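Since this is a predicted model, take the numbers as computed values, not measurements. The first residue in the sequence is number 1, and the count goes up from there. Start at 1 and go down the list; that is how both ligands and their atoms are numbered.
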Amino acid sequence: MGRNQIYCCICGSPFLEPGQSDDERGEWLARAVLVTTAHETDHGIELDIYWPQAPSGSYALDLGPNPPTELKRRVLRLDSEYSEHNQFKILESGATVSAFTVGAGSPTSTVTSGGTFYLAVHGVCNQLAEHFIDSRAEARDTFQIGPQDKISSIKQLWEVLYRRMPGSTPLNSEYILPEPHAYYGGRYCRNVYWEPSDDLEYGELLEENPSEIPNLTESILQNLQPASSEAPGDKLNKTNFNHQESNPKSEIVHNQDWWYDAFISKTLFPWLWDLDVKLIQKRRQEGNWDWKALGRQLSRVEIHTPSDETLNLPLGLRNRRRIWRLLEDARVDDIASDGRRYE
Ligand SMILES: [Zn+2]
């Protein structure tokens, strides 16, 4: 029997039932966070009610005729466990609800009425989003976001994600939100029956844990090469180097120390938040290394593809870079504004 599955709104990888993965490392695919919004009332916190927008066929939902003010609204993230096709058990309340549908848990909900609305993401992807937002200098706690802005709060992430939801009928047939880049991988195999073996290029990568990566630092350092020495016979390189040094208009050439510092301070690579700095410092003392070459290779966004041959990296780390790119590229109304949608 094949799978019957739905996909995470951040990474585009599937949810798996607990125990369905071939090994322990795949268990991250069963841990979910259901995301929705709520507002304060005189009687406590109430979930926001979302309404499909007219006319039928347009994207996005809205908060209905009497939306709560922004000041009273917040994003709720509820730890959950995936149980079977689009059924999530919320751990705190024990309630079972569906995602991607207005009026989850209410079978009488129709397109003409509003209801609660949950989006499902992996617990790990929720953590990645938090790391991404922490790396943004201009973080503000607001739902407001301009069309060119990168997300810098969980509220803005919600705004981007929920506006990708088609507002057309039927409202209960979605299993993944559309994403303008088809989630950078697995485009043609992302359907309710997909199995990793259906996509020889991306199948394995999509199910690799992007957060808990064994020997993360060692796996990057294995790509570090000795710096080329400036031997007397190496005249060409030396000439080029001198030229750049003596010409103030030429491109700024960062030295090995600059690249090393950028690497361990994580300013250049915030997606490597869990590097073992002590291990890197130890490696530095063991030789004369080409930190510049390593830094430049790590700067290439394409290293998230499994076919990349510039660096030898574990698939989990490539998957992390892929998800980080999805967060970097997320823009409000990126689906609704031009009607793009892949099938
Ligand atoms: Zn995910």
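Rounding to 10 degrees gives 110° for the angle at the Zn ion (ligand 1) between SG of C8 and SG of C11. Angle SG(C125) to the Zn ion (ligand 1) to ND1(H122), rounded to 10°: 120°.
Between D290 and Q256, the side chains place a donor N or O and an acceptor N or O closer than 3.5 Å (distance only, hydrogens not considered).
Applying the side chain to side chain donor-acceptor pair (under 3.5 Å) criterion to R77, with sequence neighbours excluded, gives N126, E130.
Counted within 6.0 Å of CD on E204, heavy atoms from surrounding residues, nucleotides or ligands total 12 or fewer; the atom is thus considered open.
The only option from R320, H131, K266 that meets the side-chain hydrogen bond (donor to acceptor under 3.5 Å, both in side chains) definition with D274 turns out to be R320.
When distances to the Zn ion (ligand 1) are checked against a cut-off of 2.8 Å, C9 contributes no N, O or S atom below that limit.
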